[in-house]
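Quick caveat, the model's predicted, so the values are computed rather than measured.
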Amino acid sequence: MPKAALQIRSTRLVHPRRRLRRTLDAGVCLLIAALLVGAWHVERFEVPSGSMAPTLLGRHRRLTCRDCGHAFDCGADEDAMQGKRAVCPNCGYVGQELASAPALRGDRVLAHRAAFELRPPRRWELAAFRNPLAASQIFVKRVAGLPNETIEIRHGDVYADGAIQRKTLVEQQAMAILVHDANARPTRTAGLPPRWQGEPETTRWQAANGRFVYPPLKRPATHGDEPPGIDWLTYRHWRRRPGLPDEADEAPITDLCGYNQTRPVVRPYQVRDLLVSCRLRVSGVGSLAWFVTDGQAQFILELFPARRRAELRRDGALVASADGLPELTGREVRFVLSLFDQQALLALDGQTILVHPYRPDASPFRPTSRPLAIGSRGLGIEIRDIRLYRDVYYTPPAGGPGRAPGSGVVQYRL
């Protein structure tokens, strides 16, 4: 075989190895560069306090209610008073002594140092920054105001340049604070009333183990017949009577947070913004209705599965509707209805279906212990995993900057 042919064959054998070596060298260099960039731009630290709870936890204690079985966290960045017992935020049961529960470390997070060099901050996202007076101390807060805005806090909501700042479905779910979970029911105290109740004499609603069922009418209304009325299942918020754990009184929902049980008790604010989530399945003929109020406006959302339509009424007047709903009959649907930030929002299976921003009228705020109800107009309904949440309630600091005496409003210029 000629010498030239041998040389060509040898070259073809060596060439792929060189390419592989170059590829490996480049990969190692990229890995080293990524590690160097990560070490410079990413910082790992432990959350120092519970100011962002329950989204992020500082040093805390994890407890389980001995009555309803609800698991919850209490802050441990401040010492618990001797003999202080934890109160379950779900059912109000006074149980384990706080100091007897072991303290756990705060959440560990990664912060991107150069994030805001690449893009401006976004409202409602988390941001970390160093204390100007102590560089070793890192704070984590949620962005509420953007540069050059005038920020106001009114009745727990955030306003920028006079306009209320509303949240998307994802932002609402990230910030929602649990008020009640129907899956966690008291078992040690038998005298407490159920949170969800129908009218005792006429209701066809059935409840068992946190699951609620409305059987469909055997003879649905035909064309020309009067449609059946709505059979309501109403949520009733209550608090246990001090010293009488088997008794409770109805009371409006407030901004009391179960995490802050080691801190001094302050006057609570009554909450207007609520969100309900559940899994539901419908059958038969009729409609499903939801009632919700913010203490001023009263809304009824009615779903018509056969027509695949939703209608929202405010104080009896139709204000919004949506057609082309996903199929609801015969399958389980994840349902969310919220009244956050002067906005009614409906979501099915994680998709926002209807959004209706509104302005409050001049009527006075009337807090109620019964802000929510589920109703059937002949439709068969099965509901499980129903949970009620509230929005974060922002409170102005006493004597804060820009606060007019007695106004209840605080203003900042950024």
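Here the closest heavy-atom approach between residue Ala310 and residue Leu301 is recorded as CB-CD1, 4.3 Å. Across all non-hydrogen atoms, the minimal contact from Phe212 to Ala182 is CE1-CB, 4.2 Å. When all heavy atoms of Leu110 and Arg44 are compared, the pair lying nearest together is CD2-CB, 3.5 Å. Across Cys65 and Cys91, no two heavy atoms sit closer than the pair SG-SG, 3.6 Å. Summarising the geometry of Gly375 relative to Ile230, their closest heavy-atom pair is CA-CG2, 3.6 Å, with the distance given to 0.1 Å. In this structure, Pro252 and Arg239 approach most closely via the heavy-atom pair O-NH2, 4.3 Å.
When atom types are taken as modelled, the side chain of His70 and the backbone of Cys68 share no donor-acceptor pair closer than 3.5 angstrom. Side-chain atoms of Gln351 never come within 3.5 Å of backbone atoms of Leu348 as a donor-acceptor pair (strictly under, hydrogens ignored). Without hydrogens or angle criteria, Arg309 side chain to Pro305 main chain gives no donor-acceptor distance under 3.5 Å. Remark: side-chain polar atoms of Gln296 are paired, donor with acceptor, to backbone N or O of Ser363 under 3.5 angstrom. A distance-only check finds a donor-acceptor pair linking the side chain of Asn90 to the backbone of Asp181 [under 3.5 Å]. Side-chain atoms of Asp349 come within 3.5 Å of backbone N or O of Arg334 as a donor-acceptor pair. At distances below 3.5 Å, not a single donor-acceptor pair connects side-chain atoms of Arg313 with backbone N or O atoms of Val319. Listed for the Asn260 side chain is no donor-acceptor partner under 3.5 Å among the backbone atoms of Arg263. In terms of modelled atom types and a separation under 3.5 Å, the side chain of Arg142 and the main chain of Trp124 share a donor-acceptor contact. The backbone N or O of Phe340 sits nowhere less than 3.5 Å from a side-chain atom of Gln343 that would complete a donor-acceptor pair.
At a cut-off of 3.5 Å, with distance as the only test, no side-chain donor of Arg130 or Gln137 sits close to an acceptor on the other residue. Under the 3.5 Å distance criterion, with hydrogens and angles disregarded, a donor-acceptor pair is assigned to the side chains of Ser338 and Gln172. For the 3.5 Å distance criterion, the side chains of Thr262 and Lys84 fail to qualify, holding no donor opposite an acceptor.
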Indicate every side-chain donor-acceptor pair of residues 273-287 with a distance under 3.5 Å to a residue at least two apart or in another chain.
{"residue": "Asp273", "atom": "OD2", "partner": "Asp341", "partner atom": "N", "Å": "3.2"}
{"residue": "Arg281", "atom": "NH1", "partner": "Gly330", "partner atom": "O", "Å": "3.2"}
{"residue": "Ser287", "atom": "OG", "partner": "Glu302", "partner atom": "OE2", "Å": "2.5"}

List the atom pairs, donor and acceptor, that lie under 3.5 Å between side-chain atoms in residues 196-203 and the rest of the protein, sequence neighbours left out.
{"residue": "Gln197", "atom": "NE2", "partner": "Pro194", "partner atom": "O", "Å": "3.0"}
{"residue": "Thr203", "atom": "OG1", "partner": "Trp205", "partner atom": "N", "Å": "3.1"}
{"residue": "Thr203", "atom": "OG1", "partner": "Asp231", "partner atom": "OD1", "Å": "3.2"}

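Because its NZ or CZ atom is not both nearer than 6.0 Å to the ring centre of Tyr235 and within 45° of the ring axis, Arg195 does not count as a cation-pi partner of that residue. For the pair Arg308 and Phe304, the cation-pi test (distance below 6.0 Å, angle within 45°) is failed.
Distance OH/Tyr393 to CD1/Ile253: 13.5 Å, rounded to 0.5 Å. Taking CG of Leu178 as the start and CG of Leu388 as the end, the distance is 8.0 Å to the nearest 0.5 Å. The structure places OG1 of Thr293 at 10.0 Å from CZ of Arg314, a figure rounded to the nearest 0.5 Å. To the nearest 0.5 Å, atoms CD (Gln342) and CG (Asp157) are separated by 6.0 Å. Here CG of Asp73 is found 11.0 Å from CD of Gln261. Values are rounded to the nearest 0.5 Å. In this structure, OH on Tyr259 lies 10.5 Å from CZ on Arg61, to the nearest 0.5 angstrom.
Taking 4.5 Å as the limit, every side-chain heavy atom of Asp246 sits out of range of all side-chain heavy atoms of Leu192. Side-chain contact between Asp391 and Val271 is absent, with no heavy-atom pair separated by less than 4.5 Å. Side-chain atoms of Leu337 and Leu345, non-hydrogen and from C-beta on, never get closer than 4.5 Å to each other. Within the 4.5 Å cutoff, side-chain heavy atoms of Asn183 are placed close to those of Asp385. Side-chain contact between Thr234 and Ile374 is absent, with no heavy atoms from C-beta onward closer than 4.5 Å. Between Arg66 and Tyr93, some side-chain heavy-atom pair lies under the 4.5 Å cut-off. Side-chain contact check for Ile353 versus Leu325: some heavy-atom pair is nearer than 4.5 Å. Val143 places none of its side-chain heavy atoms less than 4.5 Å from the side chain of Arg122.
Ion pairing of Arg390 with Asp255 is absent here, as no side-chain N (NZ or NE/NH1/NH2) approaches a carboxylate O to less than 4.0 Å. Between Glu46 and Arg105, at least one side-chain nitrogen of the basic residue sits less than 4.0 Å from a carboxylate oxygen of the acidic one, meeting the salt-bridge criterion. Ion pairing between a basic and an acidic side chain is recognised when a charged N comes within 4.0 Å of a carboxylate O; Asp67 and Arg185 show no such pairing. Looking at Arg384 and Glu332, a side-chain N of the basic residue comes within less than 4.0 Å of a carboxylate O on the acidic one, giving a salt bridge. Using a 4.0 Å cut-off between a side-chain N of Lys or Arg and a carboxylate O of Asp or Glu, Glu125 and Arg123 do not qualify as a salt bridge.
Within 6.0 Å of CZ in Arg359 there are 12 or fewer heavy atoms belonging to other residues, nucleotides or ligands. The environment of CZ in Arg387 is crowded: more than 12 heavy-atom neighbours from other residues, nucleotides or ligands sit within 6.0 Å. By the neighbour-count criterion of 12 heavy atoms within 6.0 Å, atom CD of Gln82 is sparsely surrounded, having that number or fewer from other residues, nucleotides or ligands. Counting non-hydrogen atoms of other residues, nucleotides and ligands closer than 6.0 Å to CZ of Arg366 gives a total of 12 or fewer. At most 12 heavy atoms of other shown residues, nucleotides or ligands fall within 6.0 angstrom of atom CG in Asp79.
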| query | When you look at Arg370 and Glu250, which way does the salt bridge (Lys or Arg N to Asp or Glu O under 4.0 Å) test go after all the steps? | reply | CA-CA 9 Å; Arg370 304 181 185 185; Glu250 288 194 30; 2.9 Å; yes
| query | Run the side chain to side chain contact (heavy atoms under 4.5 Å, CB included) check on Phe45 and Val109 step by step: do they pass? | reply | CA-CA 6 Å; Phe45 65 93; Val109 298; 3.5 Å; yes
| task | Would you please test Arg62 and Leu104 for side chain to side chain contact (heavy atoms under 4.5 Å, CB included) and show each step? | result | CA-CA 8 Å; Arg62 183 151 297 167; Leu104 307 175; 4.1 Å; yes
| said: Walk me through whether Glu247 and Arg240 qualify under salt bridge (Lys or Arg N to Asp or Glu O under 4.0 Å). | reply: CA-CA 6 Å; Glu247 300 180 18; Arg240 299 196 194 217; over 6 Å; no
| Check against side chain to side chain contact (heavy atoms under 4.5 Å, CB included), Tyr214 and Leu233 | CA-CA 10 Å; Tyr214 190 89; Leu233 179 72; over 6 Å; no
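In this structure, the ring of Phe299 has its center no less than 6.0 angstrom from the ring center of Trp290.
Listed by chain and number, the residues in a side-chain contact (heavy atoms from CB on, under 4.5 Å) with Arg85 are Val94, Glu97 (sequence neighbours excluded).
Remark: of the listed residues Glu149, Gln165, Glu152, Glu152 is the sole one forming a side-chain contact (heavy atoms from CB on, under 4.5 Å) with Tyr159.
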